[in-house]
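Everything on this sheet refers to the single structure shown next.
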Amino acid sequence: MNHEQAMTAAAQLPVGDPQAFFAAAVALVREDYPELLLPHARAMAERHSNDARLWQVLGLAARGCGESGTALAAFSRAASLAPRDALIAHSHARATLEAGKPAAHLFEQAFRLAPNDGSVLVGRLAARVSEGEAERGAREMIELLRRNPLWLDGHLALAKVLGQLGHDPGRMLGEALQAQPGQDMLLQALVRTRIEGGDFEGAASALVAARSALGSLPWIILQQAHVESERGQIAQADRLFDAAGSSPDTAATGLL
């Protein structure tokens, strides 16, 4: 959908039919035109003040426009009208966190409604950190990852928090790889974590393990080249870049 099409869609929003409006409004948000939707969403929410879906749409449009106060108020209203709706609960929690307000309790509510939603659990960790409970959040995430060792987003979120706390950021990735030594994405994540933390010796060790388990895959060669460059082994790095048919800039961006 281009801008002209989006303007036409906004002008033709079915304001007389809340259900049809909701569907059309969500489509505009997904196409990244919240600014065209916002005034219509505000009017519809005010007109149908007991319809949780329309407050949800207003929250989505306002959030997309960077109006965090309006988004928070809208999602709060939607959550009060539909307290069992998992998506609204999650949106309310996210908007609260983005507004700089305590949100861990709201993520807990969203978690109870959608216990298998990884984005809720990552959000809860972020809320714990923002409220000065990073250690608690890390412990919760560690418990989850021990039950779900292949959950990549959880590993990446935890690694950042562990690094901030002064702990080994690759701790749980290493633990997961002991049980799943050939998991490509876990190995990539561990290498990425080591590089981002400036631990190039650790990254080199992780790459040795990756090569042993997976062979000379392109991402392994590129990351080896990047690590050797950072360690000052320029000649070796150049040979690896040549072997991969790449450049230092390509390797520096990573493949993850």
Side-chain angles (χ1 to χ4, degrees), residues 1-114 116-131 137 152-154 156-157 160-161 253 256:
M1 182 184 295
N2 59 36
H3 190 266
E4 183 178 347
Q5 291 170 329
M7 290 183 66
T8 299
Q12 295 176 350
L13 283 165
V15 296
D17 183 343
Q19 183 173 346
F21 178 89
F22 176 80
V26 169
L28 273 175
V29 171
R30 287 176 176 164
E31 292 290 339
D32 199 23
Y33 291 103
E35 73 285 356
L36 299 178
L37 172 63
L38 184 57
H40 303 286
R42 183 178 283 114
M44 285 293 286
E46 292 172 354
R47 188 177 307 142
H48 302 275
S49 60
N50 290 321
D51 192 325
R53 298 169 304 169
L54 298 180
W55 288 104
Q56 180 185 12
V57 161
L58 174 57
L60 292 171
R63 186 170 181 266
C65 293
E67 295 190 13
S68 60
T70 299
L72 177 55
F75 285 128
S76 179
R77 175 65 173 161
S80 69
L81 291 168
R84 302 297 300 170
D85 188 297
L87 182 57
I88 289 176
H90 185 198
S91 297
H92 184 205
R94 286 181 63 188
T96 303
L97 178 62
E98 290 166 357
K101 300 180 182 297
H105 66 293
L106 296 175
F107 279 103
E108 288 286 4
Q109 293 175 19
F111 170 64
R112 286 193 288 272
L113 294 171
N116 297 316
D117 188 333
S119 60
V120 170
L121 297 169
V122 170
R124 184 179 68 174
L125 175 59
R128 296 280 190 229
V129 172
S130 72
E131 294 172 39
L152 183 62
D153 288 343
L156 296 176
K160 291 178 181 178
V161 173
T253 62
L256 296 161

4.5 Å side-chain heavy-atom contact, [X] and [Y]:
| X | Y | answer |
| --- | --- | --- |
| Gln56 | Phe22 | yes |
| Phe107 | Val122 | no |
| Leu72 | Glu67 | no |
| Glu131 | Pro102 | yes |
| Leu81 | Asp51 | no |
| Asp153 | Leu121 | no |

Could you tell me the separation between the [atom1] atom of [X] and the [atom2] atom of [Y], rounded to the nearest 0.5 Å?
| X | Y | atom1 | atom2 | answer |
| --- | --- | --- | --- | --- |
| Thr70 | Arg63 | OG1 | CZ | 14.0 Å |
| His92 | Leu97 | NE2 | CG | 11.5 Å |
| His3 | Thr8 | NE2 | OG1 | 10.5 Å |
| His40 | Leu54 | NE2 | CG | 14.0 Å |
| Arg84 | Gln109 | CZ | CD | 10.0 Å |
| Trp55 | Ile88 | CH2 | CD1 | 12.5 Å |

Between [X] and [Y], which heavy-atom pair has the shortest distance, and what is it?
| X | Y | value |
| --- | --- | --- |
| Tyr33 | Met1 | OH-O, 3.2 Å |
| Val57 | Ala25 | CG1-CB, 3.5 Å |
| Ala24 | Pro14 | CB-CD, 4.1 Å |
| Met44 | Pro18 | CE-CA, 4.1 Å |
| Gly59 | Ala71 | O-CB, 3.6 Å |
| Ala103 | Ala93 | CB-O, 3.7 Å |

Is there a donor-acceptor contact under 3.5 Å from the side chain of [X] to the main chain of [Y]?
| X | Y | answer |
| --- | --- | --- |
| Ser76 | Ala73 | no |
| Arg53 | Phe21 | no |
| Gln5 | Asn2 | yes |

Take atom [atom1] in [X]; do more than 12 heavy atoms of anything else shown fall under 6.0 Å from it?
| X | atom1 | result |
| --- | --- | --- |
| Arg30 | CZ | no |
| Gln19 | CD | no |
| Met7 | CE | no |

Residues Arg94, Phe75; criterion side-chain contact (heavy atoms from CB on, under 4.5 Å); working and verdict: CA-CA 9 Å; Arg94 286 181 63 188; Phe75 285 128; over 6 Å; no
Stepwise side-chain contact (heavy atoms from CB on, under 4.5 Å) check, Arg77 with Asn50: CA-CA 9 Å; Arg77 175 65 173 161; Asn50 290 321; 3.2 Å; yes
